Structures are given as C-alpha cells and as structure tokens.
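Computed from a predicted structure; not experimentally measured. Chain letters run A, B, ... following the sequence lines, proteins first and then strands; every chain starts at 1.
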Amino acid sequence: GSDEAAEPAEVAETAATVAADEPADEPADDAATDDLSVALLVGGPRDDGGFYQAMVDGLEDAADADGAMEVTVIENIAEGGDAGLEAAVQNAADSGDYDLIVAHGFDLVPGVARYAPDYPDQAFVTSLPVEGADNVAVYLTAFEETGYNAGFLAAQGKLLSGSDGAVGFLGGPGLPFEEQALFGFEQAVEQYAPGTEVVSVFTGTFEDPQLAQETATQMFQQGVVSLWNQQAAGQSGVYQACAATEGVVCFGNGIYSEAVSPDVVLASTTSDYGKLVPLWTERLRAGEWSPAIDILDLTNDGTSVTDATAAGLEALPDLQAAIDDYRAGAADLVVETMPTEG
Amino acid sequence: MSGSIDEPHSTTPVPLLDVVGVTHDYGTLRALDDVSLDVAPGEVHALVGENGAGKSTLVKVVAGLLDPTAGSVSADGRAVPLGRTAESVAAGIGVVHQHFSLIESLTATENFLLGRPGSPKVLPLSTARREIAEFGERVGLDVDPDALVADLSIGQRQRLEILTALGWGARMVLLDEPSAVLSPTEADALLDDLKRLCAQGYGFLLITHKLREVEEFADRVTVLRGGRVVGRHSGRVDRDTLVEEMVGAEGRRPEAPAPRDPGPLRVEVRGVASGRLADVDLDLFGGIVVGVAGVVGSGQADLADVLAGARAPDTGTVRLDGTQISGDPVAAWSNGVAVIPEDRERDALALELPVWCNSIAKQHGAIGPWHRVDRSKVSEICDRVIDRLRVKPARHDIAAGGLSGGNQQRLVIGRELDRQPSLVVASEPTRGLDPPSALAVIDGLRSAAAAGAVVVVVASDLDELLELADRLIVVCAGRITMDTDAATPTRQEIGRAMVAVTAA
Amino acid sequence: MTAVVAESADAVEIAAGGSSWTWRASRAVAVAVGITAAVLLLVWLVTGVDPATTLTQFVEGSVGDSRAIARTLVRATPLALVGLGATVAIRGGVINVGGEGQMAIGAIGAVLAVQALGSGAPGLLIWIAAIVAGALGGAAWAIVPAALAATRGVSEILSTLLMNLITVSLLLYLLELPLFADPNPNVITPQGKPIPDAAVLPTIWPDTALHAGVLVAIAAMAGCWWWQRSPGSVRVDLVGANPNLAAQSGLRPRRARTRLLLVSAAFAGVAAAVQLLGVSLRVTTGLTGGIGYTGVLVAVLGGRTPVGTVAAAVAFAALVGGGESLEFEGVPRSIVVLVQAVAVIVVALGAARRRAR
Amino acid sequence: MNGSAIWTLDFWEAVFSTGIRLAVPLALAALGELIGERAGVLNLGVGGTMAVGAFAGVVGADTFGVTVGLLVGAVAGALFGALFALLVVMRGANEIVVGFGFALGGLALPSFLYRGVYDTRPSITPHQAVDIPLLSDLPVAGPILFTQPLLVWLMPLVAGAIAFVMTRTSAGLAVRAVGDGPEAARAKGIPVDRTRTLALSAAGSLAGLGGAVLSVGLVGEYSDEIIGGRGFVALALVIAASWRPWLLVVLCLAVGSLQGFQLRAQSLDIGVPVELFQALPFVVTLIVLAFGVGAARAPRALGRLTRA
Ligand SMILES: Nc1ncnc2c1ncn2[C@@H]1O[C@H](COP(=O)(O)OP(=O)(O)OP(=O)(O)O)[C@@H](O)[C@H]1O
Ligand SMILES: Nc1ncnc2c1ncn2[C@@H]1O[C@H](COP(=O)(O)OP(=O)(O)OP(=O)(O)O)[C@@H](O)[C@H]1O
Ligand SMILES: [Mg+2]
Ligand SMILES: [Mg+2]
C-alpha cells in the first residue's frame, strides 16, 4: 500500500528530533550501575570486516567503556535461512537472559516484528521500524551519507596524491543500500573533485576476496587512482591489489579495514554504532525502554570518517587536515537521498 | 575310462604346471577341495565341470588372485608363492580369464603393458608395439598393436589375450571358457592355434563346457564336481561318461526332439532388411522351435531384434498373426512377443529389486487398481513365474541379484512365458548355464512351443541348438543359407552353410 | 552420463534399502550415541564448552519447551517437503540437488499468486493458489535440467547445482523489479513485498510459532505413504533399478525420469510456498536457507520411506535448533552442518556394510 | 567510460590476465578431480576439499611462511581425499552421498576450527606478480602471460604432468584401467582399490593446493566463503572437457576470462543488468556441459563403484 511507503519518511523526521534531544526520558530510579546483559544477533560472521563487525566492535567497545555491560554475540544466523533468523530472535527472547536484544540487520527485522509483541517486557532494538510494538527501538543508517564520506575520501585521495585519473567504488552484489551509498559517493566526488570520473563495479558478492582483488586490479588498469570499497570478507583482496599497484591509494569501510591491511588503508569511513549504546543503556537502566528511533548520520557523527592511519599520513601528509576540515563542517552538509523507484 | 582318480601325475617328469592339494573356501563355502592336476609341455589339458564346480576358482588360485586355504602350486618344478599375481606371471603362468580381462578403451599395446610385472615407470610403448608385432608373427597370432580393443572382434581379443600371456613370458596358459563367446569357426581357429603352439612346447589348461571341443582337442581331461576332482581321462573320452561325471545322478541328456507337425502359420517376414539382414523372407509356424545359427555378426542378432520388435526393419514387414510388429518392443510385448535377451543383467533383470518386482515387471498394469498394489495378485503371478522353471529358492522377497545365474535365467524365462506368448525370441538362452538349469530352460521353451507359440532361438553353440530345435535356419552374410528340419543336416553341412554364400 | 547417474542413484537406493527394524534401530542408536560423544568432545576441545553444558543447552534449544518444539517442527516442515520429493525421485534414480534454486523460483511463483489474488481473497483460496503456483514455479525451474538430461544426457546432479548458482543472481535481479520489490524506502536489502495478513498461515499451537504449513507436510507424507503402496511406486522402482527392462515393459524411463525430476522440483516449490506463507512472509534471499541441499540429505537419511524421511527431517531440524542455541554458549554454528554431514556419511557407510553382507 | 573501450588491446589484456589468475585455483581443483574420475570415482566434495586446503594452508603459512602453507594445504587436501577413498573405495559407501557430505562438511569444518583457533584473522603476504625479464616486454603476451604471480604456472605444469602421466606411464595406465575396467584391471593384477585410493589422494592434494593457492598464494587470508561455487564449477568443467587435462585448463581459462570480462564490462555501461553478468560463468558452464562431447568419453566405471 501507498500509505506504508509514505510513513517511514515522517518517522524519520521525528526520529531526528528524538536523537537530537536525547536523553528525553529522565532516569526513574537509582539503577544507573545495574549490570546489563546484551545479546547481539548478526546474520553473518562477526569478523566480516563490514556491517556486522562494525556493530560487534561498537557494542564491545561501549561495553568496555560502560564497565557493567556484558555482550553475547550470536553470529552467522542467516546460514539457517529465514527460519533461523526468526528462531534466533525467539531463542534470545525466550531465554530471558538478556536486558536488551540487538537484532542487527534488515534480515532480522521480520523476526523481531513477529516475536517482539510476545515478549512485551523484553527490550529489542533493530535496523528498521517495526509497527505496533512498544518494546522495539530502531536505529537507521543514512547510507547516502556513508557513501558521501567515502566519496570525500576517494576524492581527497586523488587530489592529494596529485594523480590524474578516476576514482573507484567497488561494491558487492549491488544491493539497494549499495546503490544508495554510490549515489552519495558520486555527489561527494562531484563536490570535492569536480569533473572526476567515477568507476563503479559490483563483484556480485561481499565475500570473495579473489574476485574483489581482480576487480580492483582491473579498476586500477582502467585508470582508477583512488579506490573505496564496500566489501566484507572480500576487502583483503582489494588491499592486496592496492599494495601491488603503483601510484594508487585505497580507503576502507570501517576501523577494522585498517586492521586488515594497515599499510594500505589510508583512512576509512565508519558507522559508529557505539554512539548508540549510551542511549540504550541509559533508557534500560531507567526502566524506560521506548520505541525510539535513532539515526546514525553526519549530524551526530554516527557516520563519519576515521583519522588518517600512519600509512595515510605518510602517503598523503595533508590528509589529516582535510579530514579535520570535513568533520568540522559535516553537520552542515546536504546530501541528497536517492529517489526510490516506481 | 582310461584314467583313474588316484593317479594324480602324468608321466612327464617336469610339468609346466603342477597343482597339488589345493583347497579354497569362500567363507563357509568350500569351492575347491583337495584338487590336484598338472599340465605337461605340449599338451592341452581340459578342465570340465558344471557351473559352480570351482573351475574359475582354481584359475584364480593359480593366477595368484586368490590365496588358497591349503595346497601348493609349482611351475617348471619350482614352487610358486601364492596369492600374488606377479609371482605367477614370473613363474611363466599366463591366464585368459572367463570375464573382463581386456579394457576396451585402451589400445592393444596398452593392454599388453597393463600390469606387466617389472615394466618401467615410463611406458615402453614403441618397444611393446614391436614386441607384439614380432612375437605375434612368431607364434602366429597377429593383432594390430594400435587398435582400440573396442574395435577388435571377439576372436581377435582372445588372440590378444593369449599373445599377452605368452609375450609376458608364459610357457603355459590357463584359458577359462575362451570359446563361450566365439562363433564355431572362431572357436575352431582358436583351438587350432593352441594345438600349433603346443607343438612349440607351450602347454594349456582349457576350461570349457563344450564337450565336442574336449573330444577333439584335449590330450587329457579332468572333471570337477562340487570342488572335487571326480574324473581323469587321457586320450579320447566318451561324452556321456563326461556328462555323467559332471552332473552326477541328476544328469540326463535331453532326447533329440521328436519331429512334429507344424501348427498354423503365425509369423510372416517379408523382404526384411535391417543391419546385416538383407531381404529376408520367412514363414514361421506355431508349435515349432526354430534354431537360428550363424557365425557371429552374420545377421542373426538383427533377425532377433526385428522379430522382438526392438528395431523396426529398414525395409519390409514382420507380421505376427496378421498384426505388424513395428519396432516398438512394448507394442510387440502386448501383441504376445516374449523376449529372452542375451545380456540378462543389462536387459532383463532389476538385480537389486526383489523377485516379485522382477516377476511382475512386464505386467505392472495388472498388479492392482491404480491406488493399491494387490498383494494377493502379485503373489499369484510371482508363484506362477517361480513355479514354471522351478526358481530356487522359491522366495518372493529376496533381491534378484541374490539368485545364482541359472536361477536368474529361470526367473526371466518364467516371467516371459507367463502370459502365453505367441512368439518367443530367445538369444543364447542356455549360455553359461549348468546342465540342470539348461535343461529347465530347454523344457520351458519346448513347452511354450507345445502350447502353440513360435519359438525362435538364436545361439552360437550348435550342439545346444541341435538339442533344442525342430527346424534350423542358418544365416550367412545377412541371408538365409540353410532352412531345414533340424534332424536332417550333418555338422559339416551346417558348417558349410555358415560360411558359404550359396545355400548348401 | 545418464547411465552414470542411474547407477549412482541405484546405489543410493541400496544405501537406503532395508533390513530388520530392530537391528536397524539398535544400530542407529549406537551410531547416534557415538557421533554425539565425538561431537561433544570436539566442541570441548575446540571451544572449551563442557559436554554437560553442551548437552543440556542442546536439548533445551531443540525440544526444551513448547516453543522450542514448535520451532523444530516449523523448521522440519520445508525440509520434509523437499526430502519427500527427493525420496520419490531417488527411487527412480534421479538425484535432484537443485532444491535451492527450485525453492527460490517456487517462492516467486507463490508470491505472484498471492499478489494476483490480492488481500481481499479468502485465506484458504490464497493458500491453495500459492501452493499450486509454488509447485509450478519449482517444476518450471527444473525444466532445463530435465530437458538436458533427456536430450543431451547431462547429469542432473551437475545441471541442477549450476541452476542453483544461476538462481542466486536471478533472485537478486527479480527482487529489484517493481513487481516484487518491497516499496518501503527503509528496506535496503533485496526482499519482496510483505504478503497481506490474509495470506499468512495461521498459528495452530497457541503461543508458539507452529503454523498450519506443518499440515501440508503431514498431508504430503500421507500422500507419499499411500503412493509407496501403489503400483506407481513399483514402476518408479523398476525405472530406477533397470531402465532397459523398464523400457521393454512400456515404462518410458526417460520420460519417467523427466517427470520425477519435475515432481521433486514441485515438492521444493511447495516447500517454498509454505515457507513464504508461514515463516518468511515475503520473498527473501534467505527463504531457502540451505533447505534445498539438506532436503536431499534427509531423504538419504530417511531410508527412502516417507515416514523415515519426515523423521529424519525432524531430527535435522532439532539438530539445527539445538545447535543454534549452543551459540549462546559460544559454540560456532558450523558444528551443525558438520554433524549433518557426518551423520549422512555414517548412514552411507552403514548401508554399504549392509550391502556387503 | 564507453563501449568503444572494448575494441582496445588494453581491455582484452586485462580480461585475459585476470582470467588466468581466476582460473588457477579452479583449474588445480578440476585437474585433481579429473584424476579421480579417470580412476572411476566421482567426488562431489571438491569444494569442501578446497576449503580444507585453504584453511590448512593459512594455518601453515601463518606459522612457517607461504611455501610451507601451500604444501600444508596440499597435504591436508590429500588427507581429505584419502579419507574419502577410505569411505567410498575401501568401505564401499555410496560415492554421491559421501561426496555431498564432504561438500558440506568440508566447508563447515574449517569454519568451525577457524573460530576455535583464531581470535583475529591471520594475514599473510601472498605471492606477487613477477615480471619475467624480456618476456614481459613482449606485446600482448607480455602483459597477459609474463607479468603474473609465478603460481599461475602451476596450471600448465600440473596439466602437462597429468597428461604425461596418464598416457605415458604405467601409473597413469593403471589409473585409466581401473576407471575403465576395474574387473579387468584386477584380473591383470592391478590393485584396484589401492590405485583408486592413491588417485583420490592425489586428486585431494590438488584440490587442497587449489584452495591454498587461493587463500595463501593469491589473497593472503582465509574466510568462510572463500571457495564460493568453485567446487561445483570445477566438477562441471571436468565433464565438459571430457576428461582431457589440456582442454580442461582451456575451459577454466575461458570461465575465468568470462568473469574477467564481466568485471571489466560492467563499467562500460552497456545496459545489461549486473546480475546477468554475474550468472554468466555458470550459464556458460551449463551450456558447455550440454553441448560438449563429455558424456560419450566418460570412464566406464565412473559413478558405478564396484568392489572389483
Ligand atoms: N567371490 C566369491 N565369493 C563367494 N563365493 C564364490 C565367489 N566366487 C565363486 N563363488 C562360489 O564358488 C563356487 C565355485 O565358483 P566358480 O566360479 O569357481 O565356478 P565355475 O566352475 O567357474 O562355474 P562357471 O561354469 O559358471 O564359470 C560357486 O558355488 C560360486 O558360487
Ligand atoms: N537412465 C537411463 N539409463 C540408461 N539408459 C536409458 C535411461 N533412460 C533411458 N534409457 C535408454 O534410452 C532408450 C530410449 O529411451 P526411452 O525408451 O526411455 O524413451 P521413451 O520411453 O521412448 O520416452 P519418450 O516417451 O519420451 O520417447 C531406451 O532404450 C532406454 O534403454
Ligand atoms: Mg567359471
Ligand atoms: Mg521414444
């Protein structure tokens, strides 16, 4: 129905306010130091070097910072198909062991939608809005903005290295959110390095390092001098190709990218899910879980770019300054969202 | 009887092969029990016995493929270590096995080299090619070294096998039923080859079911029954004696069929050409068993195929009781054509399905309404099929593959005859069967004829045909060269018809 | 290649063939205990989770309470449906390992039917239409392998596997089409429109996830059980055991094999429809979740009988459920697939020994 | 970028040089499978064996360096192949069922162990492309053939070795014999089961090496999905190549180059859905399988394992 389609946009608007006004609820009692137990459900491997790992790392770092929070990660759920995804949600809720269940990934949303009403006292948070469940909070990522960050990095890579050539976007199966990221990517490239050609190739999977490696190699041969990728397990291949090619620079899509190949990745885009955690723990400890919507975007630093790595500083000494400038002005950036089809 | 059981050795001091007291058990089954025999240079020693007597087991022991429970083998006076093929080859023993001894996708040379003990890691292909040519010429067995075995005739394959054995250095060769798959002419040529080689000092142990070959070619004969030696003879032996020893009390020779009056004309073959067959006309009458003889590849198999409806003729028509048989085996079956194919395992039985499934295979429409197998109906059919040729064990639920070969054949024929066929086309129906099973098969086919059917039997064993048939047709080069009452012609006349283009 | 496959299928059949019930049962128990012990040990060594914890957690996760039992049954439902189709096909010597692709296209077929009827139609009509359309979709996706097998002698094992790989891309493409794509702009992974509420299969065990689709599986099992006692199954056995004999008996083995491949694919399509209406509620890339592969294993494990296949499906589903809950203890879920693989290999080994006897 | 780039030499050099590298792991595994099938045994578990080799290779390389890693991968694959032979050849278990079990279990085992063994993924420096002096300066052939990681030369090396062994040595003759006529081979004194076991172990070692070349030699790490559909494609190509090693290598190169082409052609904006390109290698494999000469030349015993 058409009303369904219209709704999320409104939700998103209010959501921005919610996020900005946090904390909205006042603490109800003295439970601020209560031990919290959190289950994190992810469809793929926890160390995928991408979407999943970003949440795992974010939650675990936040738990360390919190000191009284324990995280259990349930990974690879999607291997069991839709039935497995739903079962994982129900399993976690059924056990009663967790103060909060984080269902990270669009594929887990239907399971949350189905079971959250059965467990009204259980707090959930997931990746898309769920109707009619008061115990489900939501966080959204602005993928066009992630892509915009990436486009900024790629453009800087080209400008600062003084090369004449194209910038590259190396994607996976070509899913809609990748297309959104590409949409933002192209805007940023046009903004920071006007007239630069953008070469985009989708390998068909996030997971095949050899294919990613060969794709990157070909992109370099086609004149790409600065490359950003949206691969998961495939990204190590991208960095291999990068290391083996003279005169090109590469950027990662998360802090773990730097761990994969610290000598190659000059800086990364990042979605800092850790930013969400204090919001959640506060609400939980206050006993006031609400169906809030938080958005990770440029305005709240939820999506951003990392500092230049050591390799980055060495290769492009001016990179850090550009990044600092960019971050300072990030809140004022206007990134167009991709028009939906149909 | 010119020999005696307790005279185990010939007068030759050093036999090429000396088997002493060999016993072999397959689990609880004693396949060989204290068997002794020897082969002297320059002789053909025949080993006969009914199916399952243990002949092939003995060959495998001598070849080193089986390690016997007891006994010893020596060659040229030296003991052969048992259970290893390389040892028996090294001792100068060659083997031509009953089944499966050449690999069709390899060339003659490759087969020659395959498994040759002591051959270098890199194949000496050109040397071997020369060896085959030169050695073949010397012993009078010529084979094209570069031909694929698949392209060789059966006779050439036998020759290649013998050549391989001799080329590997064998002075004596065991031949396990080499003539079973040969046409009479090819078989005679093979045995002539053996005789010639005997003159060069080689020795042969010849296993065969064809007693005529024993009579004509063997210098000595050993008879096995149930794994024991039950008779030894040298010189000319009487066939009846041999048969009696082979089969014990159960054996009887079938009487030559009494000539009978032909029934009505049922099958008309008009101007049929198909495969080797060229423009054949035939009238076949009910109540008559028609034997079809011919050198392999003369067109008799094509005739069987056309009659069975397995193949539509290129030209001409075949009518059964006025209905045309169109090259559709299923339609042929429903018109009353029963088929006993040559290769039972490939074409006639589902080996891993139970006997009952095999029994009803051609009446699967009759085993109940669409929604339910009628168990009693199945039992009834299955009992009939089993009873007809007395399949043993008479059980419905064991896998057909668990039956012995003879009983498998009884099952097939029982099934094919179950629906009172009008025309029975049987290819090699008794090949490789032991005498009781062969007799049961013959009785079954004759009773079908007695019930009014036309029975056509294609077989390469002339003796078998002559025992069975009322009327004999000889095919040569796709044409009928003889068509007569089976009792009339002599073997020589038949032999001439099998090779002559003009009728005798 | 056809002959090669026929032979292999024969062997599978033998692998599944029977001996006495008590003997089979007692050996199965012994083998199961052996595997369990080995797995517990492996888990202990690699992850440090002790056997007692592993075992209790496993039992709780698979059959610990009504919800766990229901989860197991829901999981077993599509598995049993694919497995039943595979069982029928294997008897005729056809090994269809294209269940993944056939399920995906079956789901597309089912969702087309649901969309065509709209949310106004009565539930029962939608369900029947979706299941029929699912069956047609699944079968349609087996036409190419069936045609290649019948005309070119291409092994359906390989062709159906390749079709699965092709389907991965095809499904992604289809799910982007406006006809199928979820119009919700927040949905940024490939997934179809949610099916209307009227189309969702009702829950038949209150307070659990057990949906009415399980009845479809039970009906299919009953149907196969009946079929197994009909002359039709004897004919399929003959085709599987000796195509030459079958051809002489008027059974048209090639046509029969084609039909069996299509039938087993249709079963996969039905499984997909049930999964769509009862679990996924929209077409997703995760709707199949390996069921197409596991279904074949279930058929082998179930000894080519309908009841055995369904029992094996339930056992596998319990294994998955238990394995999943083990992950809360830190045991990687790949242990589940490992155990499934070992179980099937052990069954094949047992069948081989039986055959050798 | 526009469609005219397709007419440039650069374009095709890139396509084929990519194709060669993508073909290497595929070809090694497929050549191994060819040996096993020549011996009359179908092993559907190629992908699983590759995964085991990929993982073992990384474990080896992590401790002892790349070369050892490749060897460890090959050895692990050989053990996996020998285990398959033990079950299927020695114990007579159904080769299709066990092969399927190996395909699934072989992917799950390294994934399970990996979680147990490593907290962070080990990273390995893989082989780099080497410019062969003089040859790399040749036009066309230089950029395609002579600026590759040396590992790509394993492909012709192994194919040549297999072609030689199969046709010219007694070992190869024995392998072909047990694949075409196990009963006859046994009658000739060839130890059928032992020959098959050795062939399957060799096959496993090549599949394992293929996996290790992928993880250790080319990419530098193990991940659960690293093998993808390569095992099944290898299986299909062996048949499509009708069991001829050189033709098999050519087909692997063709499939690899097709991948290379699709990656390259995407950026040309020629208006074809990406998904079609991505499915293309599988579609082409299916077509080759259907219209190749494969089946007619199948080893006779293939798929009908008899305990001869
Ligand atoms: N591998 C085996 N395992 C068990 N029993 C066997 C085996 N091979 C043969 N036998 C049995 O041993 C006995 C002797 O068999 P053998 O093959 O030696 O007979 P044969 O005289 O060669 O018969 P035929 O004339 O049919 O060739 C038979 O009862 C047979 O069933
Ligand atoms: N799976 C198989 N393995 C070996 N041979 C087969 C197989 N299927 C069919 N054949 C053989 O192929 C030949 C022709 O096929 P078949 O007779 O089955 O087709 P058909 O019954 O004519 O089917 P259709 O009705 O589609 O024409 C038969 O002689 C049969 O023996
Ligand atoms: Mg014999
Ligand atoms: Mg036909």
- Given P196(C), G323(C), P190(C), the one with more heavy-atom pairs under 4.5 angstrom with chain A than any other is P190(C)

- Message: Quick check on E86(A) against chain C: is it the side chain, the backbone, both or neither that has a heavy atom closer than 4.5 Å?
- Response: side chain

- Given that the side chain runs from C-beta out, which part of L172(C) has a heavy atom under 4.5 Å from chain A: side chain, backbone, both or neither? side chain

- Residue A209(C) versus chain A: region with a heavy atom under 4.5 Å: both

- Which pair of non-hydrogen atoms, one from E324(C) and one from G84(A), has the smallest distance, and what is that distance? OE2-CA, 3.5 Å

- Got a donor-acceptor contact below 3.5 angstrom from the R333(C) side chain to the N76(A) backbone? yes

- I74(A) versus chain C, the contacting section by heavy-atom distance below 4.5 Å: both

- Message: Ignoring hydrogens, what is the shortest heavy-atom contact between A87(A) and R75(C)? Give both atom names and the distance.
- Response: CB-NH2, 3.9 Å

- Message: If you count heavy-atom pairs within less than 4.5 Å of chain C, which of D118(A), T72(A), D94(A), D97(A) leads?
- Response: D94(A)

- Query: Tell me, side chain or backbone of Q275(C) under 4.5 Å from chain A's heavy atoms, or both, or neither?
  - Reply: side chain

- Task: Give the member of S325(C), G286(C), G64(C), A68(C) that has the highest number of heavy-atom pairs under 4.5 Å with chain A.
- Result: G286(C)

- Side chain, backbone, both or neither: which part of V74(C) has a non-hydrogen atom closer than 4.5 Å to chain A? neither

- Message: Using 0.5 Å steps for rounding, measure from the CD atom of Q90(A) to the CZ atom of R71(C).
- Response: 4.5 Å

- Task: Side chain from CB out, backbone as N, CA, C, O: work out which of these in D207(C) comes under 4.5 Å of a heavy atom of chain A, or both, or neither.
- Result: neither

- Minimum-distance pair of heavy atoms, taken over all atoms of R67(C) and Y119(A): NH1-OH, 2.5 Å

- 4.5 Å side-chain heavy-atom contact, E327(C) and N91(A): no

- Taking every heavy atom of R114(A) against every heavy atom of V279(C), the minimum-distance pair comes out as NH2-O, 3.6 Å

- Which atoms of E178(A) approach chain C - backbone, side chain, both or neither, heavy atom under 4.5 Å: neither

- Can you tell me how far the CG atom of L175(A) sits from the OG1 atom of T285(C), to the nearest 0.5 Å? 8.0 Å

- Between CG of D82(A) and CG of L281(C), what distance do you get to the nearest 0.5 Å? 9.0 Å

